[in-house]
Amino acid sequence: MKKTIFKLLNPINWVRAYNFQKKNAQYSKSSYDLELFLYSKILKNDMLHYGYFEDVTIAPDTISIRKVEEAQIKYAQNIIDLVTAKDKPILDVGCGMGGLSAMLMQQGFKPEALTPNANQKEHISKKYPTLTCYKCKFEELNTTNTYGTIINSESLQYIKLDEAFALVDKHLQPGGRWIVVDYFRTSTNTINKSGHMLSDFLEKIKSNNWKIVHQQDITPNVLPTLHLVNLYVERFMLPIKHFAFEKLRFKKAWIYYLTGDIRESIDKKITKEIASIDPVMFGKEKKYILFALEKAN
């Protein structure tokens with residue numbers, strides 16, 4: 001306790017704490033996504049997306065980790081089934097841990113992967129040494145290669161739409177196919193602002209002379225994952241947080257008192273994160289859609 005008090009009273013430690021805060025505030029989700037890092041430690045099939053449940057009524061308390069992984073395999077297979085040019089190279093933009101690209105290779109396709117995340121690039125290099133993987137953002141890709149298919153699986157949301165369309169025009173071969181599977185906002189007045197506006201994306205398709213050759217609303221199929229996560233938050237994470245705060249109050253009341261602002265900040269952050277995984281809110285505010293696009297004649 002004396003050591004803790006000394007740290008709190010020492011002005012040098014306050015300067016160090018400020019510098020530490022400043023350094024760690026420079027966080028880029030596209031280069032180091034904490035949520036995806038967490039999922040990668042729980043799920044072992046190298047896939048970091050929501051998955052696709054064919055049984056949309058499945059109860060969350062009956063969903064095992066194996067079922068989640070099977071749903072992720074099904075999600076990836078839905079994408080692969082839309083690839084028409086098997087003999088032409090494929091670019092997997094925002095490849096995560098390489099799971100989709102690995103499935104493509106297993107089925108005889110020729111994928112290349114791209115991720116701005118150094119940890120993901122290192123993982124792919126070790127586990128899939130024959131898979132070409134670029135460590136960069138799509139906007140920074142420097143290659144003369146062109147592709148018969150470009151895939152954006154839960155990665156379009158990180159790219160400005162105008163840039164995304166220009167980049168696909170640059171790297172896609174004539175007659176090629178652009179597969180996009182992601183969630184889109186259906187209203188500007190949403191609690192969670194992630195995802196492009198669906199109306200904006202549809203307008204860009206038209207104005208950039210593309211056509212939709214396949215469109216499937218898979219929102220109901222991804223919601224079981226959100227129901228599962230929400231269940232764990234309500235039954236485990238929130239009770240553990242309450243237990244930890246109350247334990248601190250009884251054991252170290254003076255620290256509990258001094259950290260009131262920090263605990264309030266944590267509660268606000270948790271409330272915001274819970275809103276982003278609320279399946280009811282997600283279903284009202286967003287659409288998760290699988291698109292296959294081709295250039296219009």
Side-chain angles (χ1 to χ4, degrees), residues 28-31 33 48-50 52 75-76 78-85 88-96 100 111-116 134 136-143 145-222 276 281-297:
S28 171
K29 187 172 183 179
S30 66
S31 61
D33 191 317
L48 305 176
H49 49 70
Y50 283 51
Y52 180 98
Y75 175 105
N78 288 343
I79 295 173
I80 295 172
D81 289 343
L82 291 173
V83 178
T84 56
K88 294 182 180 180
I90 299 168
L91 181 63
D92 181 7
V93 177
C95 62
L100 173 59
E112 294 182 2
L114 181 154
T115 175
Y134 303 97
C136 65
K137 295 181 179 180
F138 192 22
E139 302 92 317
E140 301 166 345
L141 179 60
N142 182 20
T143 179
N145 294 350
T146 56
Y147 303 91
T149 305
I150 293 178
I151 300 171
N152 280 93
S153 171
E154 283 187 18
S155 60
L156 181 66
Q157 60 185 275
Y158 301 116
I159 309 171
K160 293 180 180 179
L161 286 179
D162 285 333
E163 292 186 31
F165 278 87
L167 288 163
V168 174
D169 278 337
K170 176 182 177 182
H171 295 289
L172 189 67
Q173 295 174 4
R177 177 169 283 194
W178 183 18
I179 300 173
V180 175
V181 54
D182 214 327
Y183 57 80
F184 299 85
R185 288 180 291 135
T186 56
S187 169
T188 57
N189 186 27
T190 58
I191 295 176
N192 187 282
K193 302 298 182 181
S194 62
H196 293 297
M197 284 291 297
L198 179 58
S199 57
D200 290 344
F201 182 61
L202 294 175
E203 189 279 327
K204 294 295 182 184
I205 291 173
K206 184 177 180 180
S207 63
N208 285 276
N209 198 35
W210 287 83
K211 63 180 178 181
I212 300 172
V213 297
H214 179 88
Q215 179 175 340
Q216 181 185 1
D217 182 353
I218 62 172
T219 309
N221 307 95
V222 305
S276 71
M281 190 65 67
F282 188 97
K284 288 180 178 179
E285 296 183 344
K286 298 180 180 182
K287 291 288 186 183
Y288 204 121
I289 305 179
L290 171 60
F291 288 101
L293 308 175
E294 294 177 0
K295 273 292 188 178
N297 294 327

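Here, residue 1 is the first one in the sequence, and each next residue gets the next number. Remember, it's a predicted structure, so these values are computed and weren't measured experimentally.
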Supply the atom-to-atom distance Asp92 CG to Thr115 OG1, rounded to the nearest 0.5 angstrom.
9.5 Å
Could you walk me through whether His196 and Asp182 pass the side-chain contact (heavy atoms from CB on, under 4.5 Å) test, one step at a time?
CA-CA 9 Å; His196 293 297; Asp182 214 327; over 6 Å; no
Side chain proximity check, Pro116 to Glu140, heavy atoms < 4.5 angstrom:
no
Under the side-chain contact (heavy atoms from CB on, under 4.5 Å) criterion, do Thr149 and Thr84 qualify, and how do the steps go?
CA-CA 8 Å; Thr149 305; Thr84 56; 5.5 Å; no
With side-chain contact (heavy atoms from CB on, under 4.5 Å) as the criterion, how do Val181 and Ile218 come out once you've worked through the C-alpha distance, each side chain's angles and the decisive distance to 0.1 Å?
CA-CA 9 Å; Val181 54; Ile218 62 172; 4.0 Å; yes
Any donor-acceptor pair under 3.5 Å from Arg177 side chain to Leu82 backbone:
yes
Say you draw a straight line from CE of Met197 to NZ of Lys204; how long is it, rounded to the nearest 0.5 Å?
13.0 Å
Exercise: do Tyr158 and Glu139 side chains pair donor with acceptor under 3.5 Å
no
Check: Ile179 and Leu290 side chains under 4.5 Å, non-hydrogen atoms
yes
Are any of the side-chain heavy atoms of Ile289 and Phe201 separated by less than 4.5 Å?
no
Hey, is the main chain of His171 close enough, under 3.5 Å, to the side chain of Thr146 for a donor-acceptor pair?
no
Report the C-alpha distance between Tyr75 and His49 in whole Å, list the side-chain angles of each, state the deciding distance to 0.1 Å, and finish with yes or no for ring pair (Phe, Tyr, Trp, His ring centres under 6.0 Å).
CA-CA 8 Å; Tyr75 175 105; His49 49 70; 3.7 Å; yes
Partners passing salt bridge (charged side-chain N to carboxylate O under 4.0 Å, His left out) against Lys160 (at least two apart in sequence or in another chain):
none
Measuring from Ile212:CD1 to Lys206:NZ, what's the distance to the nearest 0.5 Å?
11.5 Å
Test salt bridge (charged side-chain N to carboxylate O under 4.0 Å, His left out) applied to Lys295 - qualifying residues, sequence neighbours left out
Asp169
Holding to side-chain hydrogen bond (donor to acceptor under 3.5 Å, both in side chains), I want the full list of residues that pass it with Asn152, two or more places apart in sequence or in another chain.
Ser155, Trp178
Counting C-beta onward and ignoring hydrogens, is there a side-chain heavy-atom pair between Leu172 and Leu167 closer than 4.5 Å?
no
To the nearest 0.5 Å, how far apart are CG in Leu100 and CD1 in Ile151?
5.0 Å
Polar side chain donor-acceptor pair, Ser194 to Lys286, under 3.5 angstrom
yes
Is there a side-chain contact (heavy atoms from CB on, under 4.5 Å) between Leu202 and Phe184 once you walk through the steps?
CA-CA 11 Å; Leu202 294 175; Phe184 299 85; over 6 Å; no
Testing the basics here: between Leu293 and Val213, what is the closest heavy-atom pair and its distance to 0.1 Å?
N-CG2, 4.3 Å
Point-to-point distance, once rounded to the nearest 0.5 Å, from CG of Asn208 to CZ of Phe165
5.5 Å
Measuring only between side-chain heavy atoms, which start at C-beta, is Leu114 closer than 4.5 Å to Cys95?
no
If you compare all heavy atoms of Leu48 against all heavy atoms of Gly96, which two are closest, and at what distance to 0.1 Å?
CD1-CA, 4.0 Å
Write down the atom of Asn145, the atom of Tyr134, and the distance for their closest heavy-atom approach.
ND2-OH, 3.4 Å
How far does CG of Leu198 sit from CD of Glu203, to the nearest 0.5 angstrom?
12.0 Å
Here the pair of heavy atoms bringing Asp217 nearest to Tyr288 is OD1-O, 3.3 Å
Over 60° means perpendicular and under 30° means parallel, so tell me whether Tyr183 and Phe282 are parallel, tilted or perpendicular.
perpendicular
Is it true that, when you exclude Lys211 itself, more than 12 heavy atoms of the residues, nucleotides or ligands shown sit nearer than 6.0 Å to its NZ?
yes
Do side-chain atoms of Glu154 reach the backbone of Tyr50 as a donor and acceptor pair under 3.5 angstrom?
yes
